[in-house]
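Some notes on the structure that comes next.
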Amino acid sequence: MKLNDVKILSTFWDDEILDKKTSEIKILADKDFIEIDSLFNLDSEYIVLKINPKFQRYYLNFVSKTFYQIESQIEIVYENVELFDIHNFFSKSKLEEFQFNQVSANKISLITDIISNNLPFTTDRISLDPYFSHELANKRYIRWINTMVKGDAMAFELALNDKPIGFSMIKQIDNKNVDLILTAIYDTSKSTGFGLLLLALTLNLLTGRGYKNVYTRNSSNNVNSLKTHLYLGFKITDVINVFVMHKKIGITNGK
Amino acid sequence: MNYPWRENMILEKIIIALSKLLDIPASQINPDSLLSDLYGWDSLNSIRFIDILENELNIVIPLSRIEKMNSINDYARLIDEIK
């Protein structure tokens with residue numbers, strides 16, 4: 001594989017948050033021969049490798065060089081999104097106990113402060129990596145959320161009797177398409193069904209604003225979230241397998 | 001077979017409801033089990049489960065209490081309190 005068959009992304013904020021020089025590599029093309037050593041010559045301590053399963057025959061090459069698979073990213077889309085009748089699950093009186101409101105960018109600390117204490121993100125590649133931690137993963141999310149809301153992303157909070165229980169974030173792609181960049185339920189409210197409500201309310205809001213297609217992605221490490229998305233109407237469009245390698249911990253320079 | 005939980009009507013109704021919902025034999029459900037450890041338990045089934053309990057037992061389960069329900073016994077105690 002030549003380097004023009006891969007895309008190497010800048011990951012400056014991971015360098016800072018993870019305190020490791022990081023490279024993220026996307027394998028773009030299938031070739032008869034893989035010169036995997038070129039990946040090891042990158043001046044990085046932590047390498048993230050994203051590869052479509054159609055290149056499966058190369059997996060052993062990566063594993064032999066101490067890459068290990070940490071997750072699969074499952075790309076999903078809800079085309080022609082429709083209003084979901086929440087009353088199928090929650091009675092009117094129960095729904096009245098919930099509040100679903102936009103959180104403006106200058107009040108985003110209402111969400112990020114809770115993340116700091118609650119550490120809700122437990123299934124992403126940083127959180128599950130034994131060489132990182134839940135704390136680091138959540139710190140990384142906070143940094144990302146702050147960056148996104150300084151751009152044109154919008155955040156919405158779900159509360160039960162004024163107690164925050166989760167949030168969602170969206171980013172417009174164009175006037176018909178929108179990226180649902182994040183949904184999260186805080187630890188104390190997991191496995192309650194409130195995640196379905198959060199997602200349904202977010203989708204209903206997007207439908208009301210005239211969006212037609214909603215794009216997002218789930219980690220294979222969070223099957224409950226994937227099941228909820230599929231239940232509400234999302235369809236799987238692609239899978240990307242994610243391998244990681246810590247160069248100082250693993251085999252140096254592939255030898 | 002005799003199951004200790006058969007002596008407790010509420011517990012029995014909860015276990016039978018769970019058995020039907022998750023399609024697993026009642027004999028495999030232990031009242032001390034964490035709901036999250038039951039095969040097939042997820043957030044969708046959590047909502048369905050509450051709906052079934054409310055209809056079967058003619059009760060209203062406060063949403064604010066759901067967060068603290070980790071085991072079958074937790075639900076039995078809550079329902080005992082509500083009824």
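Lettering of chains follows the sequences in order, A, B, ..., and the numbering in each one begins at 1. Just so you know, these numbers use all the heavy atoms, side chains as well, and skip hydrogens, waters and symmetry mates.
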Exercise for the section: State the CG-CZ distance between B:Leu63 and A:Phe194, to the nearest 0.5 angstrom. Expected result: 5.0 Å

Handout entry: Rounded distance [0.5 Å steps], CG in A:Leu196 versus CD1 in B:Ile47
Key = 4.5 Å

Problem - side chain to side chain donor-acceptor pair (under 3.5 Å) partners for A:Asp152, two or more places apart - result: A:Lys171

Problem - A:Ile165 portion near chain B, given a 4.5 angstrom heavy-atom threshold - result: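 Looking at A:Ile165, just its side chain touches chain B.
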
N/O donor-acceptor pairs between chain A and chain B, cut-off 3.5 Å:
unit_1: A:Lys94; atom_1: NZ; unit_2: B:Glu54; atom_2: OE1; d: 3.3
unit_1: A:Lys94; atom_1: NZ; unit_2: B:Glu54; atom_2: OE2; d: 2.4
unit_1: A:Lys94; atom_1: NZ; unit_2: B:Ile61; atom_2: O; d: 3.2
unit_1: A:Lys163; atom_1: NZ; unit_2: B:Glu67; atom_2: OE1; d: 2.5
unit_1: A:Lys163; atom_1: NZ; unit_2: B:Glu67; atom_2: OE2; d: 3.3
unit_1: A:Ser189; atom_1: OG; unit_2: B:Glu67; atom_2: OE2; d: 2.3
unit_1: A:Ser191; atom_1: O; unit_2: B:Ser46; atom_2: OG; d: 3.3
unit_1: A:Thr192; atom_1: O; unit_2: B:Ser46; atom_2: OG; d: 3.2
unit_1: A:Lys227; atom_1: NZ; unit_2: B:Asp42; atom_2: OD2; d: 2.4

